[in-house]
Amino acid sequence: MATKPLTKVLLFDIGGVCVASPFQAILEYELSLGIPPGWINYSISKTAPNGFWHRLERGEILMDDAFFAGFNEDLHSAERWAAFYKVQAAKDASIPKEVPPVPNMDGRWLFNDMMSVSTAPDPWIYPALQRLKASDRFILAAMSNTVIFPSGHPLYSEDFYADPIRKIFDVFVSSAHVGLRKPDYRMYEHTLREVDKFARANASSEKGRLLGWLDGVSPDEVVFLDDIGENLKGGRQLGFRTIKVPLGKAFEAVDELESITGLQLAGDHPRIPVKPKIRKLTAKI
């Protein structure tokens with residue numbers, strides 16, 4: 001019988017895992033406009049790898065008026081909208097076949113709403129993360145596609161890593177600081193090197209000796225949690241074990257973490273899925 005691989009590292013995405021998902025804000029925005037859900041994510045994904053969103057997350061451009069103008073332009077491509085709409089109409093007979101004009105969206109409002117929503121700790125993962133930290137049995141790491149807020153922005157922080165959630169982690173890999181973003185394979189390789197370096201640097205400590213850090217970290221000793229399938233695929237290609245965090249149902253991922261770690265991690269928050277709300281649009285920032 002095959003032995004279970006040792007788990008040395010629990011590697012977390014941030015948005016949609018440790019904090020509320022920006023996808024929830026996207027979905028609610030789309031529903032409020034009455035357009036087929038998925039358009040905004042489709043638009044962002046189809047501008048990869050050098051759309052304004054992707055370049056911001058790699059730290060190549062500033063979050064300024066030029067970024068918001070470019071992001072807004074990306075969201076209003078008639079060609080991409082027509083391609084997306086035709087696919088949705090083919091799947092759903094209730095959607096009119098004639099392609100309507102590109103929806104009028106406010107990219108700056110949407111972006112700031114997504115970022116504001118994503119400051120709230122996830123009610124299921126966050127308590128689990130605190131219990132994992134208290135257990136002192138794992139290297140806790142994060143690998144996140146991030147943005148850098150400019151001075152004067154309500155979400156600006158002089159010390160990026162001083163955030164209460166970021167401080168929990170032993171290793172935090174931020175896309176905007178390292179110039180790489182998921183699902184670029186190099187992002188996973190970089191993160192593996194960072195957790196391996198942390199393990200070896202602390203191998204002589206009592207914890208390091210007990211947990212076998214002298215040999216560093218191999219890919220199969222990493223369990224990676226993300227809410228995006230494409231990002232998880234990149235982790236599996238390197239050899240990480242993966243857990244998908246479902247939108248609005250992160251308690252299912254906590255169940256899997258409990259199975260892997262043997263620890264009781266669930267908090268007291270009810271296991272009731274979070275559903276999107278259609279709300280009147282009022283700017284948060």
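What you see is a predicted model; the values in this text were computed from it and never measured.
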| Where do Asp255 and Arg271 land on the salt bridge (Lys or Arg N to Asp or Glu O under 4.0 Å) test, with the steps shown first? | CA-CA 11 Å; Asp255 291 343; Arg271 294 168 62 93; 2.8 Å; yes

| task | I would like to know whether His177 and Tyr161 meet side chain to side chain contact (heavy atoms under 4.5 Å, CB included); could you show each step before the answer? | result | CA-CA 11 Å; His177 292 84; Tyr161 298 100; 3.6 Å; yes

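Aromatic ring pairs are classed by plane angle as parallel below 30°, tilted from 30° to 60° and perpendicular above 60°; the pair Phe12 and Phe169 is tilted. Aromatic ring orientation, Trp124 versus His269: perpendicular (interplanar angle above 60°, classes split at 30° and 60°). Using cut-offs of 30° and 60° on the angle between ring planes, the pair Phe68 and Phe111 is perpendicular.
The neighbour count for Lys207 NZ, taken as heavy atoms of other residues, nucleotides or ligands under 6.0 Å away, is above 12. Taking a 6.0 Å sphere around CD of Glu230, one finds it holds 12 or fewer heavy atoms contributed by other residues, nucleotides or ligands.
Taking the six-membered ring for Trp and the full ring otherwise, the centers of Trp53 and Phe67 sit at least 6.0 Å from each other. Taking the six-membered ring for Trp and the full ring otherwise, the centers of His190 and Tyr185 sit at least 6.0 Å from each other.
Of the candidates Thr191, Val217, Val223, Val171, Val9 forms a side-chain contact (heavy atoms from CB on, under 4.5 Å) with just one, namely Val217. Looking at Ile125, Asp122, Leu129, Leu225 one by one, the single match for side-chain contact (heavy atoms from CB on, under 4.5 Å) with Val254 turns out to be Ile125.
Note: Leu75 CG to Ile44 CD1 = 6.5 Å, rounded to the nearest 0.5 Å. One finds the OG atom of Ser45 at 10.0 Å from the CZ atom of Phe84 (value rounded to the nearest 0.5 Å). Here CD1 of Ile61 is found 4.5 Å from CZ of Arg55. Values are rounded to the nearest 0.5 Å. Here CD1 of Ile14 is found 12.5 Å from OG of Ser21. Values are rounded to the nearest 0.5 Å. Rounding to the nearest 0.5 Å gives a distance of 4.5 Å between CG of Asn41 and CZ of Phe23. Distance check: Phe224 CZ to Leu192 CG gives 12.5 Å after rounding to the nearest 0.5 Å.
When hydrophobic clusters are built by joining Ile, Leu, Val, Met, Phe, Trp and Tyr residues whose side-chain heavy atoms come closer than 4.5 Å, directly or via intermediates, Phe52 is grouped together with Val102. Put simply, Phe138 and Leu211 are part of two different groups of oily side chains (I, L, V, M, F, W, Y) that touch within less than 4.5 Å, one to the next. There is no path of hydrophobic side-chain contacts, each under 4.5 Å, that joins Ile139 to Ile260. In this structure, Ile228 is a member of the same hydrophobic cluster as Tyr42, with clusters built from ILVMFWY side-chain heavy atoms closer than 4.5 Å. Under the 4.5 Å side-chain heavy-atom criterion for Ile, Leu, Val, Met, Phe, Trp and Tyr, Val19 and Val173 are members of distinct hydrophobic clusters.
Donor-acceptor pairing under 3.5 Å is recorded for the side chains of Ser218 and Glu221.
We find that Lys233 and Asp226 are not joined by a salt bridge, their nearest charged nitrogen and carboxylate oxygen being 4.0 Å or further apart. No salt bridge links Arg108 with Asp106; every basic N to acidic carboxylate O contact stays at or beyond 4.0 Å. A salt bridge does not link Arg186 to Glu189: none of the charged side-chain nitrogens sits closer than 4.0 Å to a carboxylate oxygen.
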For residues 234-248, tabulate all N or O donor-acceptor pairs below 3.5 Å that involve a side-chain atom, not counting sequence neighbours.
residue	atom	partner	partner atom	Å
Arg236	NH1	Thr242	OG1	3.1
Arg241	NE	Asp220	O	3.0
Arg241	NH1	Thr7	OG1	3.4
Arg241	NH2	Leu6	O	3.3
Arg241	NH2	Thr7	OG1	2.8
Arg241	NH2	Asp220	O	3.1

Could you tabulate the donor-acceptor pairs under 3.5 Å formed by side-chain atoms of residues 141-150, not counting sequence neighbours?
residue	atom	partner	partner atom	Å
Asn145	OD1	Lys182	N	2.9
Asn145	ND2	Lys182	O	3.1
Thr146	OG1	Ser174	OG	2.6
Thr146	OG1	Ser175	N	3.4
Thr146	OG1	Ala176	N	3.1

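Between Gly16 and Pro22, the shortest heavy-atom contact is N-CD, 4.0 Å. Across every non-hydrogen atom of Arg131 and Leu265, the tightest pair is CD-O, 3.3 Å.
Between the Trp213 side chain and the Ala201 main chain, no donor and acceptor come within less than 3.5 Å of each other. Without hydrogens or angle criteria, Glu256 side chain to Ala253 main chain gives no donor-acceptor distance under 3.5 Å. No side-chain donor-acceptor contact under 3.5 Å links Ser118 to the backbone of Met115. Judged by distance alone, the side chain of Arg137 and the main-chain N or O of Thr261 form a donor-acceptor pair under 3.5 Å. For Tyr85 (side chain) and Lys97 (main-chain N/O), no donor-acceptor pair under 3.5 Å exists by modelled atom type. Under a 3.5 Å cut-off, the side chain of His76 and the backbone N or O of Met105 do form a donor-acceptor pair. A donor-acceptor pair is defined here as one N or O able to donate and one able to accept, closer than 3.5 Å; no such pair exists between the side chain of Asp92 and the backbone of Gln88. Side-chain atoms of Glu30 come within 3.5 Å of backbone N or O of Trp39 as a donor-acceptor pair. Side-chain N or O atoms of Arg58 include one that pairs as donor or acceptor with a backbone N or O of Pro49 at under 3.5 Å. Judged by distance alone, with hydrogens and angles left aside, the side-chain atoms of Arg80 form a donor-acceptor pair with the main-chain N or O of Asp74 at under 3.5 Å.
For the salt bridge (charged side-chain N to carboxylate O under 4.0 Å, His left out) condition, the pairs that include at least one residue of residues 149-173, sequence neighbours left out, are Lys133-Asp170.
With a 4.5 Å cut-off on side-chain heavy atoms, Phe251 and Pro270 do not count as touching. When side chains are defined from C-beta on, Trp81 counts as touching Pro103, because their heavy atoms get closer than 4.5 Å. Contact annotation: the side chain of Arg181 approaches that of His54 to within less than 4.5 Å [non-hydrogen atoms, C-beta and beyond]. The closest side-chain heavy-atom distance from Val222 to Lys8 is not below 4.5 Å. Taking 4.5 Å as the limit, every side-chain heavy atom of Pro96 sits out of range of all side-chain heavy atoms of Glu98.
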